[in-house]
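This structure is a prediction, so every number in the text was calculated from the model and none was measured.
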Amino acid sequence: MRNESKFNDVEAGYKNASFWYPSIQLGFQVLFLAPLIIIALLVNQYAQSRGYGLIALISWHLLVIFFIPLIFKAFEFLQIGIITQFIFDIIGAIFGGLVFLVQYVYILLIPLCGFAIIKFLQKFVFNTKSQAAKRVQKSQCINCAKMIKNQDAHCPHCGYYQYVECHHCHELTYKNLPYCYHCGTAQTYDS
């Protein structure tokens, strides 16, 4: 009877720890990574506003890399990690004692996930053509996104030249837009 009550106490403690451990782990990871994410974000914004392309690119990639562990922890916290753990348990069972292969899968998956996130962000979030269209509609510079007058050919903030000559009608049209706003011809850029 006494051993059973000790067992019940230990089991209740285990359940309590199992419930709170992922939350505490996620909290500490956010606490550790938040300053790095904020610094990378500030460096990225500063580099973009000054036109430092290489620094903006590096800081943007660091920003994505800092988010990867948080994404994995969030999935684990939301119990999606159980599915991933199940898959890795199956791999471990198939390869028997070669459990170290699971670590190689992790090593392979983390850069692949990072690359996939970077490609997704480049294609949909930081697409220069979609950014240019939104900025032209808001009377902003195509390069630095600061407000300019519609007739300004150069941005007074960063000096970026806003136009390119249309290959079809030879009129000036905005850079990075998919079509000439005079004749409607699809634009190709030599970048």
(request) Dump the intermediate steps for side chain to side chain contact (heavy atoms under 4.5 Å, CB included) on Asn44 and Leu57, then the final yes or no. (result) CA-CA 8 Å; Asn44 183 274; Leu57 181 68; over 6 Å; no
(message) What verdict does the side chain to side chain contact (heavy atoms under 4.5 Å, CB included) test give for Ile37 and Phe67, after you've listed the backbone C-alpha separation in whole Å, the side-chain angles of each residue and the deciding distance to 0.1 Å?
(response) CA-CA 8 Å; Ile37 290 169; Phe67 267 110; 3.8 Å; yes
(request) Go through Trp60 and Ile118 one step at a time and tell me if the side chain to side chain contact (heavy atoms under 4.5 Å, CB included) criterion holds. (result) CA-CA 9 Å; Trp60 181 68; Ile118 288 169; 3.7 Å; yes
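The shortest heavy-atom contact between Ser59 and Val43 is CB-CG1, 3.8 Å. Nearest heavy atom pair, residue Ala40 against residue Leu63, reads CB-CD1, 3.9 Å. Contact detail for Gln140 and Ala145: the closest heavy-atom pair is CD-O, 3.5 Å. Between Ile142 and Gln162, the shortest heavy-atom distance links the atoms N-OE1, 3.0 Å. Contact between Leu33 and Pro69 at its shortest, heavy atoms only, is CD1-CB, 4.0 Å. Considering all non-hydrogen atoms of both residues, Tyr174 and Asn150 come closest at OH-O, 3.9 Å.
Within 6.0 Å of atom CZ in Phe28, 12 or fewer heavy atoms from other residues, nucleotides or ligands are found, so the atom counts as exposed in its surroundings. Other residues, nucleotides and ligands contribute at most 12 non-hydrogen atoms within 6.0 Å of the CZ atom of Phe115. Atom OH of Tyr163 is surrounded by more than 12 heavy atoms from other residues, nucleotides or ligands within 6.0 Å. No more than 12 heavy-atom neighbours from other residues, nucleotides or ligands sit within 6.0 angstrom of NE2 on His168.
Cluster membership check: Ile39 does not share its hydrophobic cluster with Leu31, using side-chain heavy-atom separations under 4.5 Å among Ile, Leu, Val, Met, Phe, Trp and Tyr. By the rule that hydrophobic residues join a cluster once side-chain heavy atoms approach within less than 4.5 Å of another member, Val64 and Phe120 end up as members of one cluster. Put simply, Phe32 and Val30 are part of the same group of oily side chains (I, L, V, M, F, W, Y) that touch within less than 4.5 Å, one to the next.
Judged by the 6.0 Å and 45° rule, Lys175 forms a cation-pi pair with Tyr160.
Here Lys149 contributes atom NZ and Cys155 contributes atom SG; the two are 12.5 Å apart, rounded to the nearest 0.5 Å. Atoms CZ and CD1, from Arg135 and Ile148 in turn, are 11.0 Å apart once rounded to the nearest 0.5 Å.
A donor-acceptor pair under 3.5 Å is absent between the side-chain atoms of His157 and the main chain of Cys141, judged by distance alone. Between the side chain of Thr173 and the backbone N or O of Tyr181, at least one donor-acceptor pair lies under 3.5 Å. At distances below 3.5 Å, at least one donor-acceptor pair connects side-chain atoms of His182 with backbone N or O atoms of Leu172. No side-chain donor-acceptor contact under 3.5 Å links Asn176 to the backbone of Ala132. A donor-acceptor pair under 3.5 Å links the side-chain atoms of Gln187 to the main chain of Thr185, judged by distance alone.
Side-chain atoms of Phe66 and Leu70, non-hydrogen and from C-beta on, never get closer than 4.5 Å to each other.
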